[in-house]
Amino acid sequence: ASRTDILRAIHNIVRRILLLRLRITQQRADGSATPARLNKAQRCRALQRSHIFEDILYRRANSMEEYQDLSTLEERVFRAGRAVYINAQRREMESHRRVVNGDAGQSGEESGQSMRRVLPSEVAHRLNNR
């Protein structure tokens, strides 16, 4: 199986998972048993995730045989998805922590000083005299 074949298989797995989640959400919301369909944004997101997961699986594989093993593909896709989710959560927590601690970027006073250096002198003069 080539990388393209693996990518198609991963895309089918990701689409199936998203459809299953969509059906569950619909059933909880209105109790309907209508067939779920992915909208364009969801299909694009599924394709993007498939590319990300395929790249992760390719990089993690110790050999081409391990990468091409279709019997473990679904499990490896779930693990890759979990790793992406955990890393996103970790980055969000670190970003939130930096904002709370005041470590993110410059403070307002410092950023104002850097803006004054960038502005032309007459505009800076008007801003300082307000």
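Basis for what follows: all heavy atoms, side chains included, without hydrogens, waters or symmetry-related copies. The chain is numbered in sequence order, starting from 1.
Taking 4.5 Å as the limit, some side-chain heavy atom of Arg98 sits within range of a side-chain heavy atom of Glu94.
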Let me have the donor-acceptor pairs involving side chains of residues 13-21, under 3.5 Å, with sequence neighbours excluded, atom names and distances please.
unit_1 : atom_1 : unit_2 : atom_2 : d
Arg15  : NH1    : Asn12  : OD1    : 3.0
Arg16  : NH2    : Glu74  : OE1    : 3.0
Arg16  : NH2    : Glu74  : OE2    : 2.9

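Residues passing the salt bridge (Lys or Arg N to Asp or Glu O under 4.0 Å) test with Glu66, sequence neighbours excluded: none. Every side-chain contact (heavy atoms from CB on, under 4.5 Å) that Arg59 has, sequence neighbours left out, goes to Asp55. Among residues two or more places apart in sequence or in another chain, the salt bridge (Lys or Arg N to Asp or Glu O under 4.0 Å) test is passed with Glu75 by Arg79. The side-chain hydrogen bond (donor to acceptor under 3.5 Å, both in side chains) check on Ser2 picks up Asp5, with sequence neighbours excluded. In this structure Thr25 satisfies the side-chain hydrogen bond (donor to acceptor under 3.5 Å, both in side chains) test with no other residue, sequence neighbours excluded. For Arg90, there are no salt bridge (Lys or Arg N to Asp or Glu O under 4.0 Å) partners two or more places apart in sequence or in a different chain. The side-chain hydrogen bond (donor to acceptor under 3.5 Å, both in side chains) search around Arg82 returns none, not counting sequence neighbours. For Arg3, the side-chain hydrogen bond (donor to acceptor under 3.5 Å, both in side chains) partners at least two apart in sequence or on another chain are Glu54.
Side-chain contacts under 4.5 Å among hydrophobic residues (ILVMFWY), followed directly or transitively, place Leu7 with no other residue at all.
Enclosure of atom CD in Glu92 is not indicated, since only 12 or fewer non-hydrogen atoms of other residues, nucleotides or ligands lie within 6.0 angstrom.
Among pairs with a residue in residues 38-53, those fulfilling side-chain hydrogen bond (donor to acceptor under 3.5 Å, both in side chains) read His11-Ser50, at least two apart in sequence or across chains. Screening residues 54-89 for ring-ring contact (aromatic ring centres under 6.0 Å, His included) gives Tyr58-Tyr67 as the qualifying pairs, with residues at least two apart or on separate chains.
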